[in-house]
Amino acid sequence: KGHLGPALAPIRKFSSRVERMNAEEFRKYGHEVVDMIADYLAQQGAMGSAVSDEGKEEELKSPTARRTLPEASTLPTLCQLQPGQVASMLGEAAPEEGEEFGKILDDVQRVILPGLTHWQSKQFLAYYPARTSFESILADMFSGAFNPIGFSWICSPACTELETVVMDWLCRALALPEIFLSTARDAQGNLCGGGVIQGTASEASLVTMLAARNRALEVHGSAAITRLVCYASSHAHSSIEKAAKIAGVQVRLLAPGNEEQALRGETLAAAMKEDRARGLLPFYVAATLGTTSLCSFDDVPSLARACDEDGECVAGEGEKAMRQVWLHVDAAYAGAYLLCSELRCLFPGLERVDSFNFNPHKAMRVSFDCSALWTCHRAALVRAFETHPEYLRVAGAGTVIDYRNWQVPLGRRFRSLKLWFVLRSFGLATLRAELRAHCVCAQSLSTLITSDPRLVLVFPVHLGLVCFRLVNGNDATRALLADLNTKGYFVSHSVLNDAYFVRVSIAHWTSNDDVTAFWSTLLPIIDVHAAPSEAQKK
């Protein structure tokens, strides 16, 4: 009635229309999409065969006809399209009337697949990995179907409690300090530990930096924000700089100045002493275990010692006094390897840090995005983010975890489901075996590289990363990489002390056959771009 009357007519008309896809159509197209996903991942080589274990010649049964994917040869690992090519095939405006879903799937094949760089390919060796698994994909299907916006316990208790439990599972599996468990209490008996799933390590760095900033300002007053300064290695991920920009604080990136490329306590202590003399307030340090360029490891025990000796302590209400400088560990890539007991020697001193983060979505078969963050300062974290508007108040608040107060956004996805699926389906033993295979393949490749006098390792091999270059300089190495990336592989680069080098990040390889295949591709390229050895000259 009234002024809304005319506007309601088309709404009534629309409301009588049938939904675009009903349950039976969803079943039909769901089968078809699952077939496409299974065939695609099998084609990429990192997820096994597309045929059944019983009778290798018989394809998996499907109630619908299978779509034929583009030939693998037409889908190079590194996308070869030019900027704008994908956009030119998408049209300028959304359709006024809905289209048949089959046509949309046609365009996935025609437009989307050729426009991808294929991160699940065995030939994807760039950056750090983003592995997935069928289990994780199925969990994401459930997450999309349930679609809870899990900002508080009452929104979906399973969403909150599963996250708490699997983060405790993972904490124990990695042998992290017990102070990070959700049940951990401080000397006053207050709950102080716990884990939360963030989207990325970048978010984890921002969240912990904001918590540390808030804690410092509680002591020094809001005007002190202009004096706050944080620290990281010059090899730290760029997200530390970005977090400092968002937090409105100063950042100092410190050059390690040693062959191990490890930020050490004496370097940090000198920088903090210098800054305090200038009237600044050190409040946060980001140590990196497994840096992006080199997979180098900062010296956490000496960094913790420098933070302990910095001199000032802070305490929130009901908390014991603690050091002012918050020490965060970013182990985005390397952290998964804590599952392997023999590799834990790379991670000393974790019992002395304030927070720890790694990405299960890198090498642990959990689909992006899933970044695991733990802290032993739960109250300080919550104080930085909690708000209590009336529309979010419920009975029992304060007796359960509301993860909205552990992150920047309000809403959050049901990410713990895929972590739960992977941990249960794979089991820790299988995950460890895969991680160890990465290390073995990396060592095998490094042996081949050191046996060729035309190549040199730029940095000792840690975990699954191999860094090498041609001995005859940057231009030759740059040309080698460009050539290699036209041969089916995708490999990335970095620079150390002005030396351009190739990074081979291994996560999809499982045996020496994969190493041999890569080396066979690389050798002819080396022949083209390397300076002849003395033996070849003769």
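FYI, the numbering just counts along the sequence from 1.
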Exercise for the section: Dump the intermediate steps for side chain to side chain donor-acceptor pair (under 3.5 Å) on S239 and H237, then the final yes or no. Expected result: CA-CA 5 Å; S239 60; H237 193 269; 3.0 Å; yes
Practice task
Take the angle between the ring planes of F518 and Y489 and call it parallel below 30°, perpendicular above 60°, tilted in between.
Solution key: perpendicular
Problem - Close side-chain approach of T375 to V207, heavy-atom, < 4.5 Å - result: no
Exercise for the section: Kindly say whether G265 contributes a backbone atom to a donor-acceptor pair with the side chain of S302 at under 3.5 angstrom? Expected result: yes
Handout entry: Residue R344 excluded, over 12 heavy atoms near CZ under 6.0 Å
Key = yes
Fill in the blank from the handout: Residue set satisfying side chain to side chain donor-acceptor pair (under 3.5 Å) with T164, at least two apart, ordered chain then number -> Y403
Problem - Pairing residues for K487 by the salt bridge (charged side-chain N to carboxylate O under 4.0 Å, His left out) criterion, not counting sequence neighbours - result: D483
Practice task
State, with a plain yes or no, whether a side-chain heavy atom of L457 is found less than 4.5 Å away from one of V466.
Solution key: yes
Which pairs would a plain distance check flag for residues 167-182, meaning a side-chain donor or acceptor within less than 3.5 Å of a matching protein atom at least two apart in sequence or in another chain?
| residue | atom | partner | partner atom | Å |
| --- | --- | --- | --- | --- |
| D168 | OD1 | S182 | N | 3.0 |
| D168 | OD2 | S182 | OG | 2.5 |

Problem - Backbone of S367 reached by a side-chain donor or acceptor of S136 within 3.5 Å - result: yes
Problem - Heavy-atom side-chain proximity of H235 to T288 below 4.5 angstrom - result: no
Problem - Side chain to side chain, L428 and L339, heavy atoms closer than 4.5 Å - result: yes
Practice task
Check whether the side chains of R469 and N474 place a donor and an acceptor atom closer than 3.5 Å, and report yes or no.
Solution key: yes
Practice task
For the residue pair F347 and F297, categorise the inter-ring angle as parallel (less than 30°), tilted (30 to 60°) or perpendicular (more than 60°).
Solution key: perpendicular
Exercise for the section: Taking T477 for its side chain and L470 for its backbone only, find out whether a donor-acceptor pair lies under 3.5 Å. Expected result: yes
Handout entry: Validation row: V502, V458 side chains within 4.5 angstrom (heavy atoms)
Key = no
Exercise for the section: Ignoring hydrogens and angles, tell me if any N or O in the side chain of D186 forms a donor-acceptor pair with the backbone of Q188 under 3.5 Å. Expected result: yes
Exercise for the section: Consider only side-chain N and O atoms of W326 and S355, and report whether a donor and an acceptor are under 3.5 Å apart. Expected result: yes
Exercise for the section: May I ask you to decide if H529's main-chain N or O and N472's side chain share a donor-acceptor pair within less than 3.5 Å? Expected result: yes
Practice task
Name all residues meeting the side chain to side chain donor-acceptor pair (under 3.5 Å) criterion together with S143; count only those two or more places apart in sequence or in a different chain, and write none if there are none.
Solution key: none
Problem - Side chain to side chain, F385 and N214, heavy atoms closer than 4.5 Å - result: no
Practice task
Check S121 against H508 and note the closest heavy-atom contact, atom names and distance.
Solution key: O-CD2, 3.0 Å
Problem - Residue list, salt bridge (charged side-chain N to carboxylate O under 4.0 Å, His left out) with E266, at least two apart or on another chain - result: none
Handout entry: Within 45° cone of F421 ring axis and under 6.0 Å: R365 NZ or CZ
Key = no
When the side chains of residues 440-447 are checked against the rest of the protein, which donor-acceptor pairs come out under 3.5 Å, sequence neighbours left out?
| residue | atom | partner | partner atom | Å |
| --- | --- | --- | --- | --- |
| S444 | OG | V440 | O | 3.0 |
| S444 | OG | N512 | OD1 | 2.9 |
| S446 | OG | Q443 | O | 2.7 |
| T447 | OG1 | Q443 | O | 3.0 |

Handout entry: Expected output: side-chain D514 to main-chain T510 donor-acceptor under 3.5 Å
Key = yes
Exercise for the section: For N258 and E260, indicate whether the former's side chain and the latter's backbone hold a donor-acceptor pair under 3.5 Å. Expected result: yes
Handout entry: Expected output: side-chain R432 to main-chain C340 donor-acceptor under 3.5 Å
Key = no
Exercise for the section: Output yes when a side-chain donor or acceptor of S371 lies under 3.5 Å from a complementary backbone atom of A201, and no otherwise. Expected result: yes
Exercise for the section: Could you tell me whether the side chain of Q407 and the main chain of P409 form a donor-acceptor pair under 3.5 Å? Expected result: yes
Handout entry: For E259, side chain to side chain donor-acceptor pair (under 3.5 Å) partners two or more places apart
Key = none
Practice task
Could you pull out all residues at least two apart from R412 that satisfy salt bridge (charged side-chain N to carboxylate O under 4.0 Å, His left out)?
Solution key: E163
Handout entry: Pair R424 + E135, salt bridge at N-O below 4.0 Å
Key = no
Practice task
Taking ring pair (Phe, Tyr, Trp, His ring centres under 6.0 Å) as the test, write out the residues that go with F490, two or more places apart.
Solution key: F124, Y127
Practice task
Not counting sequence neighbours, list each pair that qualifies as a ring-ring contact (aromatic ring centres under 6.0 Å, His included) and has a residue in residues 423-460.
Solution key: F459-H462
Practice task
Return the set of residues passing salt bridge (charged side-chain N to carboxylate O under 4.0 Å, His left out) with R131 (not counting sequence neighbours), or none when no residue passes.
Solution key: E434
Practice task
Answer whether the closest heavy-atom distance between the side chains of I401 and W406 falls below 4.5 Å.
Solution key: yes
Handout entry: Option from F358, Y333, W119, F368 for which ring-ring contact (aromatic ring centres under 6.0 Å, His included) with Y128 holds
Key = Y333
Handout entry: 4.5 Å side-chain heavy-atom contact, S202 and K242
Key = no
Practice task
Only counting residues at least two apart or in another chain, list the ones meeting side chain to side chain donor-acceptor pair (under 3.5 Å) with R415.
Solution key: D369
